[in-house]
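My questions all concern the structure below.
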Amino acid sequence: MEWLTTAVVLLLVVAVAGLLRWRRPAWHWLTFGVTLAAVRVLVRYTSVMEACGLTVPPPRWRLTLARLTGRPVPESRAPRLLRFRPTRTGLVLRLGLRPGQDAFDVSASCDRLRHSFSMYGVTSREIRSGVVELRMTGYDVLKRVQMPAVVERSPMRVPVALREDGAVHFRDYRSCPHALTIGATKSGKSVYQRNLIAELAALPVALVGIDCKQGVELFPLARRFSALADNPDSAADLLDALLAHMEGVYQLIRAEQRITADIQDAEIAADIWDLPDHLRPTPVVVLVDEVAELALFANKDEEKRRDRIVTALARLAQLGRAAGIYLEVCGQRFGSELGKGITMLRAQLTGRTAHRVNDETSANMAFGDIAPDAVLAAIQIPTSAPGIAVTGDATGGWHRIRAPHTTLRQAVNACNRHAHLTPVLPGLDAFRPAVAPPPRPPAIIPAQAAEAPATT
């Protein structure tokens, strides 16, 4: 009977493991997968590195010593395993490269390492000279995005998506002031934008929106916006007001620089973040929902308005960072066919995110000038996986990401919850959206009063 009980227990364990792997891959990884993967990696490490060509011959002094002492010839050496750490999505290995090895060798072998260690994905990045970090994922973390319960946040740095290696992708406005997001219809741009706005709503920032689709995307979130424009004419006026606001911020910085002989150089203000807290203006994030609607024209009057809008956006992209003005530009295409000044504006948008696109040219518009390797990854995003995107910056690095699914109702609730943080910007009062006050909760009638009969 004991063997029958053991067999039943093993059968139940296998059934539970299979069910978890099918329905809850994250739970399966934390329960069963991480232990099996750790044993597999540690046991196979040396042989896999040798099979993937990531070993180097022993040094000459060891070969000479082996010949003099009659000992066997020492084996080739694999990279040193400096750190081994399991995570909620996979494993993290930190390798110390041997003399003669290069970080590119490890990066080129990631696909072979993925098959050899039976992992879902393997990515590498160079930490410093001679040290490379391998991030291995045990399952498809982008299939059902689950952000960590605790995410480190800081001013002007918000989590917006999950990367394919299991790490959180942040939108950091201090290091990457302006960004471009492109993608075809139903590719996931709106969900990405909603998630970004929901995260920004909790920060002490001013949100300014331009939505030329008559406001159908941004006006439901109006309680958290300091200014909104729903057509190209009002957008041109709003951008002019932002330029005037930027000039006022620069005048404040000049007045507070205090360049005297008794002040250290580090205390001289060059942007709003160098000012004291009580003098620092509120940072402004400008969200443009569909940039093509601002650049298209059909007659001479619209062409003048278009030039005015593109010039204002280019000036904000070139000069707005020090004044605390940051651009988030979205669109389906962002190419030179939109007219003069567009490529100059695109060059100022450091951060690039591309969802599914309909042609290779659109992907080249996003990554052709900063990360050519990301172009192929962008055009391979399937239509059956909306929300998956490729993100990169001017450093040439890129990652596949996916934002958690955020409905419009969830984004509206977040904006309403933080509506008290909406600042009033001087000069933008005319563009503040007119919203009805939040509905008052129904009055609670005591039960005795409700049950009491009416008297005449």
Are a donor atom and an acceptor atom from the side chains of R333 and S362 found within less than 3.5 Å of each other?
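Yes, S362 and R333 have a side-chain donor paired with an acceptor closer than 3.5 Å.
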Nearest-0.5 Å distance, CG of residue N195 to OG of residue S190
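These two atoms lie 12.5 Å from each other.
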Is the shortest side-chain heavy-atom distance between R346 and R352 below 4.5 Å?
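Yes, close enough: below the 4.5 Å cut-off.
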Hey, could you give me the CZ/OG1 distance between R400 and T123, rounded to the nearest 0.5 Å?
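Separation between the atoms: 11.5 Å.
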Please list, chain by chain and in numerical order, all residues satisfying side-chain contact (heavy atoms from CB on, under 4.5 Å) with N413, sequence neighbours excluded.
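With sequence neighbours excluded, N413 shows a side-chain contact (heavy atoms from CB on, under 4.5 Å) to R409, R417, given in chain and number order.
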Using side-chain heavy atoms (C-beta onward) and a distance below 4.5 Å, is L200 in contact with Y173?
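The answer is yes; the side chains approach within 4.5 Å.
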Can you name the closest pair of heavy atoms from G138 and Y120 and give their distance?
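Heavy atoms only, the tightest pair is C-CB, 3.9 Å.
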Dump the intermediate steps for salt bridge (charged side-chain N to carboxylate O under 4.0 Å, His left out) on R280 and D277, then the final yes or no.
CA-CA 5 Å; R280 182 179 302 136; D277 293 342; 3.1 Å; yes
Roughly how far apart are L134 CG and R114 CZ, rounded to 0.5 Å?
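Answer rounded to 0.5 Å: 14.0 Å.
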Minimum heavy-atom distance R174-M156, with the two atoms named:
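Nearest pair, atom of R174 first, then M156: CG-CB, 4.0 Å.
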What's the spacing between L239 CG and R308 CZ if we round to 0.5 Å?
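That separation rounds to 8.5 Å.
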Report yes if the side chains of L97 and D102 come closer than 4.5 Å at any heavy-atom pair, otherwise no.
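No; the side chains remain at least 4.5 Å from each other.
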If you measure from OH on Y192 to CD1 on I388, what distance do you get to the nearest 0.5 Å?
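Reported value, rounded in 0.5 Å steps: 14.5 Å.
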To the nearest 0.5 Å, tell me how far R153 CZ sits from E199 CD.
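R153 atom CZ to E199 atom CD measures 4.5 Å (nearest 0.5 Å).
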Shortest non-hydrogen contact from I342 to A295?
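Heavy atoms only, the tightest pair is CD1-CB, 4.2 Å.
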What I'd like to find out is whether the side chain of L327 reaches to under 4.5 Å of the side chain of V288, using heavy atoms alone.
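In short, these two side chains do not touch, never coming nearer than 4.5 Å.
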